[in-house]
Visitor: 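This is the structure, below, for whatever I ask next.
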2 protein chains.
Amino acid sequence: MDVTDDSATTQRGTARDRALDAARTLFSQNGVSGTSLQMIADHLGVTKAAIYHQFHTKEEIVVTLLEKPLAELETIITEAEAMDAREDQLDVLLKGLVDVVLANPEVVGLIQGDPAAARIAQVGRLHGDTGRRLTNLLSGPHPDPEARVASVLYGAGLMSIGHHPLLSDIDPETMRSELPRIGRLMLR
Amino acid sequence: MDVTDDSATTQRGTARDRALDAARTLFSQNGVSGTSLQMIADHLGVTKAAIYHQFHTKEEIVVTLLEKPLAELETIITEAEAMDAREDQLDVLLKGLVDVVLANPEVVGLIQGDPAAARIAQVGRLHGDTGRRLTNLLSGPHPDPEARVASVLYGAGLMSIGHHPLLSDIDPETMRSELPRIGRLMLR
DNA sequence: GTCTATAGATAGATAGAC
DNA sequence: GTCTATCTATCTATAGAC
């Protein structure tokens, strides 16, 4: 069964991308620690060794999944930091954050809820002070307790909301308008 | 070293309670799947068998940890449902939810973020429609998409916030006044 | 009530055939 | 590039001595 063309379903780099897709799905369902390489292999109908041919360790899979959303997040933060007015800063930040969350719902949920993923996200040499910069932007120029509570509440909620079952029927346009609106309400 | 009185540190039922304390701490740090019975035993300086003497399975530990906060949650929900005016309903609900979260920060965080804990919380015959009732109360009499997004965002954020490292220096009084206030702002 | 010992399954990971 | 086979470590859980 030769596959000589790059079909639209599973493009180039097939095996690797399919492994990442399966891992992302299973990680978000069972957590990183709750997902074995055997489960990923079974999901694809291959053996564990086939997965290990693409990634040398389980952690390498997690790192690969985290790379894109973390890079997008850092871009957003940098853009927001470049704004002068606080209102513009918040607008750019909230719109960007919501876009990242809606584009990477499962992975973002992992960073928020899964201790194994959170550890890898922090350790992986990547984005050492990203968390601090994000916190500063959210809490604003007057990081009193009230502002900090609101910003952490919003940040944590946002990261958990992307693939929440109770909102699976809400269309993305509503999410994309409501989430920044609520953010401005909370953080103003 | 006899303990005949119920001291404030490790009351009656010593071994069992110490096991629960260790499990709660480790579960919240590493997740349920990321915590082995060996880790719990090591944390207490005992063997795995000592843990298995108190609990027959790992899941039984999780169920035991979830019982109290889930029971408290159901009480709050019932109290709120008994209110006539929407404003009173929301006041009772928000104050109660915040109290539960602040009293059980680690466990509540597990229910929100850990798929293994969430599954046990739902399956464990306990509180079959608690989630639906809570959602109805939060979303209010007009559960349009906007109200639902706000209620899920608040609920998810609240459950993740109890033992968040960025808020560890905020005094409980501030949390207890700010969190319901933000909730009313979002859900009104 | 806590231990040793161990079963049985599965984890992550490697080597080498095809 | 995917397979079989296998290693070692660790997992949950049990049985039985002390």
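Every heavy atom of this structure was used, including side-chain atoms; hydrogens, water molecules and symmetry mates were not. Proteins get letters first, then strands, A, B, ... in listed order; numbering begins at 1 in each.
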Visitor: So, B:E87 and B:R188, do they make that salt bridge, N to O below 4.0 Å?
Guide: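 B:R188 and B:E87: not salt-bridged.
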Visitor: Using a 3.5 Å distance criterion without hydrogens, assess whether the side chain of B:Y154 forms a donor-acceptor pair with backbone atoms of B:L179.
Guide: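 Answer holds: yes.
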Visitor: Could you tell me from which nucleotide to which nucleotide of DNA chain D, 5' to 3', there is an atom under 4.0 Å from chain A heavy atoms?
Guide: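 That gives a stretch of D:dG1 to D:dT4.
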Visitor: Could you work out, with side-chain hydrogen bond (donor to acceptor under 3.5 Å, both in side chains) as the rule, every residue matching A:K48, not counting sequence neighbours?
Guide: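 A:K48 satisfies side-chain hydrogen bond (donor to acceptor under 3.5 Å, both in side chains) with no other residue.
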Visitor: Spell out, yes or no, whether B:L97 and B:L167 are grouped together once hydrophobic residues are joined by side-chain heavy atoms under 4.5 Å, including indirect joins.
Guide: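 Per the 4.5 Å side-chain linkage, B:L97 and B:L167 are co-clustered.
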Visitor: Under 4.5 Å between any side-chain heavy atoms of A:R16 and A:T64, yes or no?
Guide: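 Heavy-atom side-chain distance check passes, below 4.5 Å.
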Visitor: Mind checking whether A:P115 and B:Q29 have side chains closer than 4.5 Å, heavy atoms only?
Guide: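 Contact flag for A:P115/B:Q29 side chains = no.
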Visitor: Is B:A49 touching bases, backbone alone, or none of the nucleic acid, heavy atoms closer than 4.0 Å?
Guide: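 Touches a base.
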Visitor: Under a 4.0 Å heavy-atom cut-off, which of residues 26-37 of chain A touch DNA chain C?
Guide: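 Result for residues 26-37 of chain A: A:T35, A:S36, A:L37, sorted by number.
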Visitor: With a 4.0 Å cut-off on heavy atoms, is A:E59 in touch with a base, just the backbone sugar-phosphate, or nothing at all?
Guide: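 Touches nothing.
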Visitor: Return the value, rounded to whole Å, for the distance between atom NZ of A:K58 and atom C1' of C:dT10.
Guide: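 Answer to the nearest Å: 12 Å.
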Visitor: Please, which pairs that meet side-chain hydrogen bond (donor to acceptor under 3.5 Å, both in side chains) have at least one residue in residues 174-184 of chain B, sequence neighbours excluded?
Guide: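 Qualifying pairs: B:D91-B:R184, B:D99-B:R176, B:D171-B:T174, B:E178-B:R181.
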Visitor: Run the salt-bridge test on A:R24 and A:D21 with the 4.0 Å N-O cut-off and return the result as yes or no.
Guide: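 Yes, charged N to carboxylate O under 4.0 Å.
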Visitor: Residues two or more places apart in sequence or in another chain: which of them pass side chain to side chain contact (heavy atoms under 4.5 Å, CB included) with A:A118?
Guide: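 Side chain to side chain contact (heavy atoms under 4.5 Å, CB included) check on A:A118 returns nothing, list empty.
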Visitor: Identify, residue by residue, the members of residues 38-48 of chain A with a heavy atom below 4.0 Å from DNA chain C, and return them in order of residue number, or none.
Guide: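 Within this stretch, A:Q38, A:K48 sit under 4.0 Å of the strand.
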Visitor: Please answer: with hydrophobic residues joined when any side-chain heavy atoms are less than 4.5 Å apart, are A:L65 and A:M39 in the same cluster?
Guide: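 Yes, A:L65 connects to A:M39 through the hydrophobic network.
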